[in-house]
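Everything below concerns the one structure shown next.
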Amino acid sequence: MQIKLKITYLRYFFQIAVIGILIYLAFGYGERTFEAYCPFGGVEALYGLFTTQNYTCALAETNLAMFIGLVVLVVLSKKSFCGWICPIGAFSEVLNRIGFKIRKRKHYVKGKLDFFLRLLRYPVLILILYFTYKIGDLIFRGYDPFYLIFSGFGHGSLGTLSLVLMSGILVASVFIAMPFCRYFCPLGAVQDFLSWVGIVKIHRNADSCTECGLCNEVCPQLIEVSENQRINHIDCTNCLECTEACPEENCLEVKAF
Ligand code: SF4
Ligand code: SF4
Ligand code: SF4
């Protein structure tokens with residue numbers, strides 16, 4: 001019996017490995033805390049570095065290095081960080097799959113409402129940076145699923161408010177495809193500005209496409225793959241779910257430019 005290994009298995013392996021490493025760090029086994037490896041910490045550190053040459057609160061050089069690495073990755077391969085590395089993206093995908101089984105449709109929020117809600121991530125980003133820079137503290141911790149999950153609702157948690165927020169995201173995930181990533185994530189917003197550039201992207205060969213729509217069905221970012229020659233969409237994570245689902249040979253391919 002021949003077993004066909006899918007490239008998406010490699011992606012799941014990466015996601016699981018990252019979660020494993022973060023759990024290891026969260027239990028205090030590493031040299032640094034799990035927070036030191038969050039690229040958004042690099043964004044939060046920028047103002048402090050420019051003004052006082054110091055890192056805000058618990059931030060460190062690793063945060064800045066992760067942020068620089070993220071910028072390079074987005075330019076090279078769009079939001080691959082979201083699809084291959086981010087643990088919240090991995091959890092969100094799992095919830096999305098469970099939600100899809102329950103709701104039997106991809107998404108309840110459509111059209112203009114979806115469009116305007118997606119813009120929310122920009123004011124969220126601006127507000128977080130404004131207050132972090134002004135107060136000199138990591139004010140996002142109490143609202144940040146990454147921090148709350150891996151710290152076990154640690155000292156930056158807002159108690160009941162954080163619990164309500166996380167429960168709200170969980171419940172919303174049943175009805176909405178990846179609500180935190182789609183509408184609120186400030187790190188997603190940061191990547192948006194460069195994801196347009198993303199050199200490596202999915203290309204569709206219209207000559208071999210039968211317009212079966214399977215690619216659209218599997219895309220966790222709700223991108224209409226079959227309606228594009230090249231996937232320039234800023235939310236594409238190069239997760240390769242669409243290329244794996246496509247039944248036609250060489251129809252969806254990963255190419256530069
Ligand atoms: S949008 Fe934010 S939470 Fe979602 S996968 Fe990307 S970085 Fe992670
Ligand atoms: S899955 Fe492949 S053949 Fe089907 S619509 Fe998408 S690109 Fe075309
Ligand atoms: S278009 Fe394809 S590669 Fe991009 S997010 Fe959707 S399924 Fe993943």
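For ligands, and for the atoms within them, numbers begin at 1 and follow the listed sequence.
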Please could you name the atoms of ligand 3 that Leu240 approaches to less than 4.0 Å, counting only its heavy atoms?
3 (S), 8 (Fe)
Under 4.0 Å from any heavy atom of Cys215, which atoms of ligand 2 are there?
1 (S), 5 (S), 6 (Fe), 7 (S)
I'd like to check which ligand 1 atoms, numbered from 1 as shown, lie under 4.0 Å from a non-hydrogen atom of Ile88.
3 (S)
Taking only Lys NZ, Arg NE, NH1 and NH2, and the carboxylate oxygens of Asp or Glu, determine whether Glu253 and Arg204 approach each other closer than 4.0 Å.
no
Per-atom contacts, ligand 3 versus Gln221 - under 4.0 Å to a heavy atom
5 (S)
Walk me through whether Arg121 and Asp235 qualify under salt bridge (charged side-chain N to carboxylate O under 4.0 Å, His left out).
CA-CA 12 Å; Arg121 49 195 175 187; Asp235 282 343; 3.1 Å; yes
For Thr237, the atoms of ligand 3 under 4.0 Å from one of its heavy atoms are 4 (Fe), 5 (S)
N, O or S atom of Cys185 closer to atom 2 (Fe) of ligand 1 than 2.8 Å
yes
Would you check if there is a donor-acceptor pair between the side chains of Asn232 and Lys201 at a distance under 3.5 Å?
yes
Counting heavy atoms only, which of Cys181, Pro39, Pro220 comes nearest to atom 1 (S) of ligand 1?
Cys181
Counting only heavy atoms, tell me which of Ala245, Cys219, Cys236 gets closest to atom 6 (Fe) of ligand 3.
Cys219
Val225 neighbourhood, listing ligand 3 atoms whose heavy-atom distance to it stays under 4.0 Å:
1 (S)
Might you work through the ring-ring contact (aromatic ring centres under 6.0 Å, His included) test for Tyr9 and Phe13, ending with a clear yes or no?
CA-CA 6 Å; Tyr9 292 162; Phe13 172 78; over 10 Å; no
Minimum distance, heavy atoms only, to atom 7 (S) of ligand 2: which one of Cys251, Cys242, Ala206 is it?
Cys251
Identify the closest protein heavy atom to atom 8 (Fe) of ligand 2: which residue and atom is it, and at what distance?
Cys209 SG, 2.3 Å
Residue part near ligand 1, for Cys82, under 4.0 Å between non-hydrogen atoms
both
Between Arg97 and Glu241, is the closest basic N to carboxylate O distance under 4.0 Å?
yes
One residue to check: Glu211. Relative to ligand 2, which of side chain, backbone, both or neither has a non-hydrogen atom less than 4.0 Å away?
backbone
Select one of side chain, backbone, both or neither to describe which atoms of Ser226 lie under 4.0 Å from any atom of ligand 2, heavy atoms only.
side chain
